[in-house]
Number of protein chains: 2
Amino acid sequence: MSKLASADSGVPTLAVSTVIFTLRPNQAGAMQLAIALVRRIKKPYLGLWALPGGPLSMNEDLATAASRNLLETTGLHPRYLEQLYAFGNLDRSPNDLAEDRVVSIVYWALVGSEEAAEAVEGENVQWFWADQLDPLAFDHSLIVEYALWRLRNKLEYSRLAHGFLGERFTLAQLREVYEAVLGRALDPGNFRRMVQGNGAVVATSERLEGTRHRPPKLYRYDSSIDLTDQGPLNTGERK
Amino acid sequence: MSKLASADSGVPTLAVSTVIFTLRPNQAGAMQLAIALVRRIKKPYLGLWALPGGPLSMNEDLATAASRNLLETTGLHPRYLEQLYAFGNLDRSPNDLAEDRVVSIVYWALVGSEEAAEAVEGENVQWFWADQLDPLAFDHSLIVEYALWRLRNKLEYSRLAHGFLGERFTLAQLREVYEAVLGRALDPGNFRRMVQGNGAVVATSERLEGTRHRPPKLYRYDSSIDLTDQGPLNTGERK
DNA sequence: GCAAAAGTGTTTGGGTTACACCCATGC
DNA sequence: GCATGGGTGTAACCCAAACACTTTTGC
């Protein structure tokens, strides 16, 4: 509990943060979901890991700000970007700092796994496995948990997986993305039918060579409709 | 990262607005979806209708602010309240006023139809049928459209309908809510099974008397689980 | 030929839809 | 009795899961 109305104590500050997802191969060589975090270099929560973010400047859209701080932290452009939620509880910050109250509008983004391999990583910016995170600064653990939930839910009825892949891909690669995000194995046959059934994906004439078995067809997404259903708000911005 | 960018031109203002839904009987006596709007009493868009809202004060949560401006405009308490989206595009306001840029965090709310009948209505606060709105101020038409889409979607896999009803209700009344929101007729038999199947609703021993046919059982919601699935964020606040 | 993954076919069961039918009450 | 909605039964259909099976390549 702090001051009374805004008259004397100012107004809440507005910030934009981003949960950045990618897929990276783990030790076993399997794809696994990872997120990018930055280390706090000041109080509160000095030294802890947190979501990248910053203030919203006067002349940029919310999504632009999210995209910008993605670029600034990882050097990457998002393949998919969507607003997650606005977090503004009074107790987000430790009590003694309640005077600078921050409302964070959080976005979540997907970046391709090839690009992610070249992303800047350093002392204060690193990738972490999404399913084994230590507690983060502020309410960021909750935010990540919610972002994961949304990603998994949304994957099932849209074409999000494209965000992790290149232009052309085999159905096995696509299935690997699904399996990594959902965390369980899928039947290859049924997966094939599922994904072909809704017209999301079209076969190209090319095949992927160099495997030590029958060469699989390469597919691409049907660019006509981008069914990332957000209803009237269809702006699942791709780079 | 604090107040860097803002140096000369200030920072965007933060506001909270609410899309308030209820069901009201139309001329034909059928329930129909309505929303509460307020008339603009200053520029821009003077005289046009808009969503109720206002600035976020320093010492209140986002949901509290939404609840408060619901109370201030209609005199009512929400039966259900959920965050919708944060709108912050640069072009939300007419160009010549771009200096005071506003980011609106919008909530949507349900209020019971009995209460709504007693809501304050006046020159500057009125109920409108949700499916026949004239263009609203700012981007509020888009916001309402999105809120409608969310309401309809969410109804199908949660227990939102409770937000419109009293403690006890017949399945026909519940079905009427669904039909009003979805805008189409539903099969009574199948509806009954659907709603009983997922355990959302339990029969009481009472019946509704005074009809000129077989008296229907009264039901109530099972208060144990409030499956309004928001994942890790389960706070579908009820009064 | 053999291994391994691509790709296809078939069966099964659960869930939804459409619709027929009986039940209980007021008049 | 009759009209009216409450409430139940059921067959048809659709879709997704499970899993067997065939195909095509590298070695």
Side-chain angles (χ1 to χ4, degrees), chain A residues 25 28-31 152-159 161 165 168-220 227, chain B residues 25 28-31 152-159 161 165-166 168-220 227 229:
Chain A
M31 284 307 205
R152 292 195 169 119
N153 270 10
K154 206 139 189 178
L155 187 67
E156 296 178 359
Y157 57 94
S158 72
R159 305 178 191 181
L165 295 170
R168 298 182 196 291
F169 47 86
T170 68
L171 291 190
Q173 290 168 337
L174 183 60
R175 180 164 47 84
E176 198 181 8
V177 170
Y178 273 72
E179 291 179 336
V181 173
L182 298 179
R184 66 166 196 272
L186 300 173
D187 181 277
N190 293 334
F191 180 79
R192 164 179 305 273
R193 262 184 301 261
M194 183 267 283
V195 85
Q196 284 177 328
N198 60 20
V201 121
V202 292
T204 67
S205 51
E206 300 150 78
R207 287 168 182 278
L208 179 65
E209 314 276 337
T211 58
R212 71 185 199 292
H213 55 77
R214 173 175 176 176
K217 277 205 190 114
L218 285 168
Y219 291 77
R220 60 175 177 78
L227 197 24
Chain B
M31 284 306 205
R152 291 192 170 120
N153 269 8
K154 205 137 188 178
L155 187 67
E156 296 177 359
Y157 59 94
S158 72
R159 306 176 190 180
L165 295 170
R168 299 183 194 292
F169 48 87
T170 69
L171 290 189
Q173 290 169 337
L174 183 61
R175 178 163 48 85
E176 199 180 9
V177 170
Y178 273 73
E179 291 180 339
V181 172
L182 298 179
R184 67 167 194 271
L186 300 173
D187 180 278
N190 294 335
F191 180 79
R192 163 178 306 273
R193 261 185 302 261
M194 182 268 282
V195 85
Q196 283 178 327
N198 59 22
V201 121
V202 292
T204 67
S205 51
E206 300 149 77
R207 286 166 182 279
L208 179 65
E209 313 278 337
T211 58
R212 70 187 201 294
H213 55 76
R214 172 175 176 178
K217 277 206 191 113
L218 285 168
Y219 291 76
R220 60 176 177 78
L227 198 26
D229 201 5

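Throughout, a chain's letter reflects where its sequence line sits, starting with A, and its residues are numbered from 1.
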Exercise. Could you tell me whether A:Lys217 and A:Glu206 have a side-chain N and a carboxylate O separated by less than 4.0 Å?
Key: no
Exercise. Could you check how far CG of B:Leu218 sits from P of D:dG7, rounded to whole Å?
Key: 9 Å
Quiz prompt | Minimum heavy-atom distance between A:Ala161 and A:Tyr178, given as atom pair plus value | solution = CB-CE1, 3.6 Å
Quiz item: Contact class for B:Gly189 vs. all strands (heavy atom < 4.0 Å): base, sugar-phosphate, or nothing?
Solution: base
Quiz prompt | Separation of D:dG7 P from B:Gln196 CD (nearest whole Å) | solution = 9 Å
Quiz item: Roughly how many Å is it from CG in B:Leu186 to C1' in C:dC19, rounded to a whole number?
Solution: 15 Å
Quiz item: In residues 169-183 of chain B, what residues come within less than 4.0 Å of DNA chain C, judged by heavy atoms?
Solution: none
Quiz item: If you round to the nearest 0.5 Å, how far is CE of B:Met194 from CG of B:Asp187?
Solution: 11.0 Å
Exercise. Indicate, yes or no, whether a donor-acceptor pair under 3.5 Å links the base of C:dG15 to the side chain of B:Arg193.
Key: no
Quiz item: Checking A:Arg220 side chain against A:Arg168 main chain: does a donor-acceptor pair fall under 3.5 Å?
Solution: no
Quiz item: Can you check whether B:Glu156 reaches B:Leu182 side chain to side chain, under 4.5 Å on heavy atoms?
Solution: yes
Quiz item: CG/B:Leu174 to CZ/B:Arg159 distance, rounded to the nearest 0.5 angstrom?
Solution: 11.5 Å
Quiz item: Hey, does A:Phe169 have a side-chain heavy atom less than 4.5 Å from the side chain of A:Val177?
Solution: no
Self-check item: Distance (rounded to the nearest 0.5 Å) between B:Thr204 OG1 and B:Leu218 CG
Solution: 5.0 Å
Quiz item: Got a sec, which residues hit side chain to side chain donor-acceptor pair (under 3.5 Å) with B:Gln196, two or more places apart in sequence or on another chain?
Solution: B:Tyr219
Exercise. Measure the distance from CE on A:Met194 to C1' on D:dC15 and round it to the nearest whole Å.
Key: 13 Å
Quiz prompt | 5' priority, DNA chain D, between B:Arg192 and A:Asp187 [closest heavy atom] | solution = B:Arg192
Quiz prompt | Distance in angstrom units between B:Asn190 CG and D:dG9 P, rounded | solution = 14 Å
Exercise. Give me the residues of residues 204-214 of chain A where at least one heavy atom lies under 4.0 Å from an atom of DNA chain D, by number, or none.
Key: A:Thr211, A:Arg212, A:His213, A:Arg214
